[in-house]
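Taking it in order: structure first as C-alpha cells, then the write-up.
Because only heavy atoms are used, hydrogens play no part in the values below, and waters and symmetry mates are left out as well, while side chains stay in. Convention: sequence-line order gives letters A, B, ...; per-chain numbering from 1.
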Amino acid sequence: MATPVTPPRVRFAPSPTGYLHVGGARTALFNWLYARQTGGTFLLRIEDTDKARSTDESERAIFEGLEWLGLNWDEKVVHQALGLPRHQRDANFLLETGAAYRCFCTAAELDALRQEAAARKDSFKYDRRCDLLPRAEIAHRVQSGMPFVVRFRVPEGETEWDDAVHGRIAFPNKDIEDFVILRSDRTPIYNLAVVSDDIDMRITLVMRGDDHISNTPKQILLYRALGTEPPHFAHVPMIHGMDGKKLSKRHGATAVADYQKEGILPSAMVNFLALMGWSPGGDRELMTLEEMIALFSLEGLQKKAAIFDTRKLEWMNGQHLSRISAMELEPRLTPALLEEGIATAEMLESRREWYLELIDLLKVRARTVLDMVRQAAPFFAGEITYDSDAVEKQWKDRAATAELLHAVQESLAAAAAWTPESLEQALRDLATTRGVAAGKIFQPLRVALTGLTVSPGIFEVLIAMGPELTNQRLRDAYEFLKASAV
RNA sequence: GGCGGUAUCGUCUAGGGGACUAGGACGGAGCCCUCUCAAGGCUCAAACACGGGUUCGAAUCCCGUUACCGCUACCA
C-alpha cells in the first residue's frame with residue numbers, strides 16, 4: 001500500500017558574489033524545510049561560473065549564514081565551476097544532435113542589431129543567421145579558428161509546466177530566442193550550467209525565486225534536448241523592501257549577517273523568513289524550526305511578493321527571546337558582552353548562576369541581544385553614565401535627591417535581609433514614614449543604580465546588584481549630585 | 001516595447017462559492033495591570049484594485065482594465 005516515492009532532492013544554489021541575502025536565505029529555508037519534512041536531501045551548490053564576481057570570502061559568508069540559521073546541507077558542496085567538462089560535453093552533445101548550432105556573430109555585431117531593432121521600436125530576437133550558414137562555410141570558419149558561441153535552437157511550439165506555486169505556466173516558443181549556452185571561451189552560460197548540474201545532482205524539485213520564471217521554459221527545453229525529463233518547479237515570490245522594490249542595500253540591512261550583528265536570534269530570523277511567502281494556514285505565527293518542518297507544505301506558499309518589515313522581525317525576536325532559556329541565550333549574549341568590554345569571560349564564569357539569573361531578568365524586556373547588552377551594563381562593576389533625561393526628570397532637586405538617597409541607603413542597611421521581600425518592606429516603610437508614594441523613591445533610586453529610567457523591577461535590580469555594588473552606586477550618585485548641584 | 005507573473009487592512013497573512021458584519025499578527029490609538037520599561041489582558045481605527053461576466057449566491061471561478069514586479073546579456 002505504501003507508495004514508493006523516491007525521496008526528493010532539492011538544492012540551494014547561490015552565486016558567491018556578496019553575502020547571504022535574506023531573500024536567498026528564505027529560499028534556502030524553504031528548500032531545507034521541504035527536504036527535512038519529506039525525508040529528502042538538501043544540497044548546496046555554489047554557482048561560481050562568473051569568475052570575475054565570485055569570491056572565496058562571499059562563499060564563506062554563505063556557509064556561515066546558513067550554519068547560523070541552522071540550515072545544514074546533506075552532501076558535499078558542489079562547485080559549479082568544477083562541472084566545466086560536463087557542461088562542455090553537454091553543449092557538444094546538443095551540437096551533435098542538432099539541438100544547438102554555432103554562432104559566429106560578435107558581441108559588437110549583436111549590439112548593432114539590437115540597436116537597430118530599438119530604433120525601429122522593434123523587440124530584438126536573434127535572427128538565426130548563423131544557423132543558415134552553408135555547412136562548408138561553418139566548417140571553414142571552425143577550421144580557421146574563428147571564435148563562436150553555441151546557441152540552442154528553440155523549437156516550434158509551446159513550453160509549459162505545472163508550477164507548484166503558480167499552477168500552469170506556458171510560454172510560446174516563438175517568444176524565446178535562440179539563447180547562448182556556451183561562450184566563445186567554452187564556458188557555459190547560466191541556463192546550461194544549471195540544467196547540467198541539476199541533472200547531475202538528480203534534483204527532483206527546483207524551488208527558487210520567481211525571478212527565474214522566464215528562465216524556466218529555456219531550461220525545460222534543455223532538459224528535453226539532453227534526453228531527460230525536467231524536474232518539478234516551485235517559484236516562490238520575491239522579498240521586497242518597504243517601498244515595494246526589490247530588496248537592496250538602499251533598504252538598509254539585507255544580509256543575514258547584519259541581523260546576526262544586531263542581535264537577532266537565528267530562531268526568530270528563520271521564523272520570520274518562513275512567514276514571508278509561506279503560511280501554515282490559520283493564525284499560527286510563532287514557530288520553532290522543528291514545528292515548521294512538521295507544518296511546511298508547498299500548498300501554503302504565497303504567490304505575491306512580500307515586503308520585509310523589520311519591525312515585525314524585532315517583535316518576533318522579542319518573543320523568541322522571552323521563550324528561550326538563559327542557558328541557550330548565554331552563548332549569544334556573552335560574546336557581545338565581552339566585545340563591549342562590559343564583562344570578562346572569567347567574571348562571567350565565576351558568577352555563572354548569577355549571570356544566568358541576570359539573563360532571565362533582562363530578556364523579557366529586550367527585543368534584541370544588543371538591547372540586553374545595553375541593559376546589562378549597570379549590573380557589572382564600573383562607571384555608569386547617567387542618562388540626561390533621567391537626571392532631569394527624577395533628580396530635579398539635587399539636594400533633596402541626595403538626602404533621599406541617604407535615607408534609602410540607611411533603610412536598605414537596616415533591612416532584615418538582602419531579599420526582595422525585606423528590601424521591599426524597608427523601602428515601602430520608608431515611603432510611609434516620609435508620606436510619599438513609593439514610586440517617588442523607586443524612580444530616583446533606579447537612576448542611581450542604573451543611570452536609566454528603565455530597568456527591571458527595582459527589587460530585582462537590588463538583588464542582582466547586591467549590597468556592595470548598590471552602595472557603590474549610591475556613593476557615586478552623591479558625588480554626581482554634589483558636582484552638578486550648582 | 002515584447003513576454004511572463006501578481007493583486008485582502010500601512011505591513012505579514014487567514015480565507016478553496018453560502019459559516020464574512022472578512023479573522024489573526026506587526027505597527028498605530030486608548031484602557032487595565034504597575035515602582036519605570038517591557039511582557040500580558042481588553043478596546044478602537046484600518047483591506048477584498050477597478051469593470052464586466054458565470055451563479056440563486058463571489059474576496060473566492062472566468063474575461064478585460066489598471067497598477068506593481070520580474071525577464072528580455074557571450075550575468076547569475
Taking only nitrogen or oxygen atoms into account, show me every contact under 3.5 Å that the protein makes with nucleotides 59-66 of chain B, one pair per line with its distance.
none

Under 3.5 Å, N/O pairs linking protein and nucleotides 24-26 of chain B:
unit_1	atom_1	unit_2	atom_2	d
B:rG24	N2	A:Glu285	OE2	3.3
B:rA25	O4'	A:Glu285	OE1	3.2
B:rA25	O2'	A:Glu285	OE1	2.6
B:rA25	O2'	A:Lys312	NZ	3.4
B:rA25	N3	A:Lys312	NZ	3.0
B:rC26	O2'	A:Lys312	N	3.4

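Here B:rC9 sits opposite no nucleotide as a Watson-Crick or G-U wobble pair (both hydrogen-bonding atom distances under 3.5 Å). In this structure B:rC75 sits in no base pair that meets the Watson-Crick or G-U test at under 3.5 Å. B:rC37: no Watson-Crick or G-U partner with both key distances under 3.5 Å is found in any strand. With a cut-off of 3.5 Å on both pairing distances, the Watson-Crick or G-U wobble partner of B:rG64 is B:rC50. The base-pairing partner of B:rC44, taking Watson-Crick or G-U wobble contacts with both distances under 3.5 Å, is B:rG28. As the counterpart of B:rG70, B:rC3 is assigned, both hydrogen-bonding distances of the Watson-Crick or G-U wobble pattern falling under 3.5 Å. For B:rG18, the paired base is B:rC56 (Watson-Crick or G-U wobble, both distances below 3.5 Å).
Look at A:Asp198 and A:Arg11 and you find a salt bridge, because one of the NZ, NE, NH1 or NH2 atoms lies within 4.0 Å of a carboxylate O, short of that distance. A:Asp50 and A:Arg53 are joined by a salt bridge, as a carboxylate oxygen and a charged side-chain nitrogen come within less than 4.0 angstrom of each other. By the 4.0 Å N-to-carboxylate-O rule, A:Lys363 lies too far from A:Glu328 to be salt-bridged with it. Between A:Arg114 and A:Glu116 there is no salt bridge, since no side-chain nitrogen of the basic residue lies less than 4.0 Å from a carboxylate oxygen of the acidic one.
The side chain of A:Arg114 contributes an N or O atom lying less than 4.0 Å from OP1 or OP2 of B:rC74. Dashed line: the shortest gap from a side-chain N or O of A:Arg183 to OP1 or OP2 of B:rA76 is under 4.0 Å. Residue A:Lys393 places none of its side-chain N or O atoms closer than 4.0 Å to OP1 or OP2 of B:rU36. Proximity of A:His166 to the phosphate of B:rU6: a side-chain N or O atom is located under 4.0 Å from OP1 or OP2.
Under a cutoff of 6.0 Å and an axis angle of 45°, A:Arg151 and A:Phe179 do not form a cation-pi pair.
In this structure, A:Phe152 has its ring center at least 6.0 angstrom away from the ring center of A:Phe93. Ring centers of A:His320 and A:Phe272: at least 6.0 Å apart, outside the cut-off. The aromatic ring centres of A:Phe30 and A:Phe296 sit less than 6.0 Å apart. Taking the centre of each ring, A:Trp73 and A:Phe63 come in below the 6.0 Å mark.
One atom, CD1 of A:Ile169, and another, C1' of B:rC71, lie 13 Å apart when rounded to the nearest Å. A:Asp389 places its CG atom 14 Å from the P atom of B:rC37, with the value rounded to the nearest Å. Distance A:Gln302 CD to B:rG16 P: 14 Å, rounded to the nearest Å. Atom-to-atom, CE of A:Met238 to P of B:rA7 comes out at 15 Å; the value is rounded to the nearest Å. Rounded to whole Å, the distance from CE on A:Met292 to C1' on B:rC12 is 15 Å.
Base engagement by A:Val149 is indicated by at least one non-hydrogen atom pair under 4.0 Å involving a base atom. Here A:Tyr190 lies in heavy-atom contact (under 4.0 Å) with a base. Residue A:Ser15 is in sugar-phosphate contact alone, with no base atom involved, counting any heavy-atom pair closer than 4.0 Å across all strands shown. Here A:Ala306 lies in heavy-atom contact (under 4.0 Å) with sugar-phosphate atoms only. Within 4.0 Å (heavy atoms only), A:Thr49 reaches sugar-phosphate atoms of the nucleic acid but no base atom. Nucleic acid contact for A:Pro456: base, since at least one base atom lies under 4.0 Å from a heavy atom of the residue. Contact annotation for A:Gln394: no contact, since no heavy-atom pair falls under 4.0 Å across all strands. Among the protein residues, A:His212 comes within range of the nucleic acid bases, having at least one heavy atom under 4.0 Å from a base atom. Residue A:Gly277 is in sugar-phosphate contact alone, with no base atom involved, counting any heavy-atom pair closer than 4.0 Å across all strands shown. Among the protein residues, A:Thr453 comes within range of the nucleic acid bases, having at least one heavy atom under 4.0 Å from a base atom.
Ranked by how close their nearest RNA chain B nucleotide is to the 5' end, A:Ile458 and A:Lys303 are led by A:Lys303. Where A:Asn215 and A:Ala305 each meet RNA chain B at their nearest nucleotide, the meeting point lying more 5' is that of A:Ala305.
Distances from the side chain of A:Ser214 to the nucleotides B:rC71, B:rG2, B:rU13 place B:rC71 closest. In the set B:rU36, B:rU6, B:rA76, the nucleotide with an atom closest to the side chain of A:Ile189 is B:rA76. Distance from the side chain of A:Arg53 is smallest for B:rC75 among the nucleotides B:rC74, B:rU13, B:rC75. In the set B:rC12, B:rU6, B:rG1, B:rC12 carries the atom at the smallest distance from any side-chain atom of A:Ile307. Listed nucleotides: B:rC74, B:rC35, B:rU13. Nearest to the side chain of A:Arg428: B:rC35. In the set B:rC35, B:rC12, B:rA76, B:rC35 carries the atom at the smallest distance from any side-chain atom of A:Phe459. Nearest nucleotide to the side chain of A:Val454, out of B:rC71, B:rA76, B:rC37: B:rC37.
Between the side chain of A:Ser184 and the base of B:rC74 there is at least one donor-acceptor pair of N/O atoms closer than 3.5 Å.
Aromatic ring orientation, A:Tyr223 versus A:Phe233: perpendicular (interplanar angle above 60°, classes split at 30° and 60°). The aromatic rings of A:Phe480 and A:Tyr386 sit tilted, their planes meeting at an angle between 30° and 60°.
In this structure the side chain of A:Pro16 never reaches within 4.5 angstrom of the side chain of A:Tyr19, judged on heavy atoms.
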With a cut-off of 3.5 Å and sequence neighbours excluded, list every side-chain donor-acceptor pair involving residues 432-451 of chain A.
unit_1	atom_1	unit_2	atom_2	d
A:Thr432	OG1	A:Arg428	O	2.8
A:Thr433	OG1	A:Asp429	O	2.7
A:Arg434	NH2	A:Glu403	OE1	2.7
A:Arg434	NH2	A:Glu403	OE2	2.5
A:Gln443	OE1	A:Arg446	NE	2.8
A:Gln443	OE1	A:Arg446	NH2	3.2
A:Arg446	NH1	A:Ser455	OG	2.7
A:Arg446	NH1	A:Pro456	O	3.0
A:Thr450	OG1	A:Arg446	O	2.8
A:Thr450	OG1	A:Leu452	N	3.0
A:Thr450	OG1	A:Leu452	O	3.3

